[in-house]
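Scroll down for the structure; my scribbles are underneath it.
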Amino acid sequence: ADRFTATSLRQAIQDAESERRIIDRLLELEVEGSEDNVPNIIISEEELAAKTVVQGEPTTEETRLIRELENVLPASTAEKSMTDNSTVSWVMRRMGYNESENPNHMGLIVCSKRTIGPFSCAMGLAPISTDILSSLANVCCSRLPLPHLLFIDDKKCYERVKFLFERFNFSPTVKVMYYAPPTLEETAAAMGLSR
């Protein structure tokens with residue numbers, strides 16, 4: 001790199017260090033055996049398939065909600081190009097992962113440009129399939145088609161919704177994927193907490 005670029009890079013690194021925006025190491029990995037507790041943000045389909053639990057038959061409520069969603073399949077490629085891209089990818093993410101962070105057991109449906117709407121977890125901190133399906137039905141039946149990619153931040157719920165979408169032939173039109181919650185280090189960094 002030329003002298004100007006090298007100087008600019010050094011300054012950017014110094015600024016990031018002084019603002020504590022650089023993660024030196026993941027503290028969770030320093031305790032023997034704790035690497036099993038660190039969520040893997042990028043997990044292959046093969047790894048997930050190996051860990052997948054056999055799913056029971058759809059419940060009456062799951063079936064009812066899926067039937068509501070059958071009329072709001074994703075926008076076609078042509079329609080996507082004319083929209084604000086909010087039909088491409090949604091993340092269903094909880095507002096917190098413990099009672100003190102999320103006492104009301106709420107989450108948000110977000111896309112790259114905006115918040116689509118809220119959802120609530122009826123059975124505690126983690127969503128269940130009907131939480132996801134009912135919030136999708138509320139949003140999609142009133143104003144938006146289903147997204148092409150749907151990310152869910154709870155593995156058990158992800159597995160159930162993926163099973164239901166495959167069972168009712170929503171796949172591959174809608175691909176359900178796992179979205180890992182943030183690590184403790186990421187949460188601390190986002191909140192500006194010192195190490």
Side-chain angles (χ1 to χ4, degrees), residues 38-97 102 104-182:
V38 179
N40 186 356
I41 293 172
I42 301 172
I43 187 164
S44 72
E45 290 291 322
E46 293 80 24
E47 288 176 295
L48 281 174
K51 298 177 183 180
T52 300
V53 175
V54 175
Q55 298 291 326
E57 289 298 309
T59 65
T60 304
E61 182 66 3
E62 288 171 332
T63 302
R64 182 187 71 75
L65 291 165
I66 285 283
R67 296 288 181 224
E68 283 186 39
L69 291 171
E70 285 178 331
N71 297 320
V72 288
L73 288 175
S76 68
T77 306
E79 290 170 323
K80 269 195 306 190
S81 65
M82 294 185 286
T83 67
D84 65 358
N85 252 358
S86 62
T87 60
V88 177
S89 174
W90 293 356
V91 176
M92 303 200 68
R93 187 159 187 178
R94 292 169 279 169
M95 291 181 174
Y97 299 92
N102 193 3
N104 297 321
H105 307 148
M106 297 297 294
L108 290 174
I109 307 169
V110 294
C111 69
S112 62
K113 297 189 182 233
R114 63 187 173 125
T115 300
I116 305 286
F119 70 90
S120 62
C121 302
M123 303 297 285
L125 285 168
I128 58 174
S129 62
T130 52
D131 297 332
I132 301 298
L133 296 174
S134 63
S135 61
L136 288 174
N138 287 337
V139 169
C140 296
C141 292
S142 63
R143 63 184 197 268
L144 290 171
L146 281 167
H148 288 276
L149 296 171
L150 179 65
F151 293 89
I152 300 171
D153 76 346
D154 178 77
K155 278 188 183 177
K156 188 175 177 182
C157 185
Y158 147 78
E159 289 172 352
R160 183 65 180 173
V161 173
K162 182 177 182 195
F163 163 77
L164 292 168
F165 275 40
E166 288 170 354
R167 176 72 172 266
F168 288 91
N169 298 317
F170 281 63
S171 295
T173 309
V174 178
K175 185 170 184 172
V176 180
M177 301 178 74
Y178 178 64
Y179 189 86

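Keep in mind that the numbers below use all heavy atoms, side chains included, and drop hydrogens, waters and symmetry copies.
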Search all heavy atoms of Leu133 against all heavy atoms of Leu164 and return the closest pair with its distance.
CD1-CD1, 3.8 Å

Of all residues at least two apart in sequence or in a different chain, which pass the side chain to side chain contact (heavy atoms under 4.5 Å, CB included) check with Thr115?
Leu108, Val110

Non-hydrogen atoms of Glu68 and Cys141 that approach each other most closely:
O-SG, 3.7 Å

Of all heavy-atom pairs between Val72 and Cys140, which one has the smallest distance, and what is that distance?
CG1-O, 3.4 Å

Considering non-hydrogen atoms only, spot the tightest contact between Gly96 and Leu125 and give its length.
O-CD2, 4.4 Å

Among all residues two or more places apart in sequence or in another chain, which pass the salt bridge (charged side-chain N to carboxylate O under 4.0 Å, His left out) test with Arg67?
Glu70

Among all residues two or more places apart in sequence or in another chain, which pass the salt bridge (charged side-chain N to carboxylate O under 4.0 Å, His left out) test with Asp153?
Arg94

Among residues at least two apart in sequence or on other chains, which ones pass side chain to side chain contact (heavy atoms under 4.5 Å, CB included) with Ser135?
Met92, Ile109, Phe119

Any carboxylate oxygen within less than 4.0 angstrom of a Lys/Arg side-chain nitrogen, looking at Lys155 and Glu159?
no

Going by the rule side chain to side chain donor-acceptor pair (under 3.5 Å), which residues pair with Arg167 if we only count those two or more places apart in sequence or in a different chain?
Glu57

Restricting to side chain to side chain donor-acceptor pair (under 3.5 Å), what partner residues turn up for Glu166, sequence neighbours left out?
none

Excluding sequence neighbours, so at least two apart, what forms ring-ring contact (aromatic ring centres under 6.0 Å, His included) with Phe163?
none

Residues Gly56 and Arg160: closest non-hydrogen pair is O-NH1, 2.7 Å

Decide yes or no for Leu150 and Phe170: does some side-chain heavy atom of the first lie under 4.5 Å from some side-chain heavy atom of the second?
no

Under the side chain to side chain contact (heavy atoms under 4.5 Å, CB included) criterion, do Val139 and Trp90 qualify, and how do the steps go?
CA-CA 12 Å; Val139 169; Trp90 293 356; 3.9 Å; yes

Thr59: which residues meet the side chain to side chain contact (heavy atoms under 4.5 Å, CB included) condition with it, sequence neighbours left out?
Glu61, Glu62

How far does NZ of Lys175 sit from NZ of Lys162, to the nearest 0.5 angstrom?
7.5 Å

Heavy-atom closest contact (Asp131 atom, Cys121 atom, distance)
OD2-CA, 3.3 Å

About how many Å separate CG of Leu65 and CZ of Phe168, when rounded to the nearest 0.5 Å?
10.5 Å

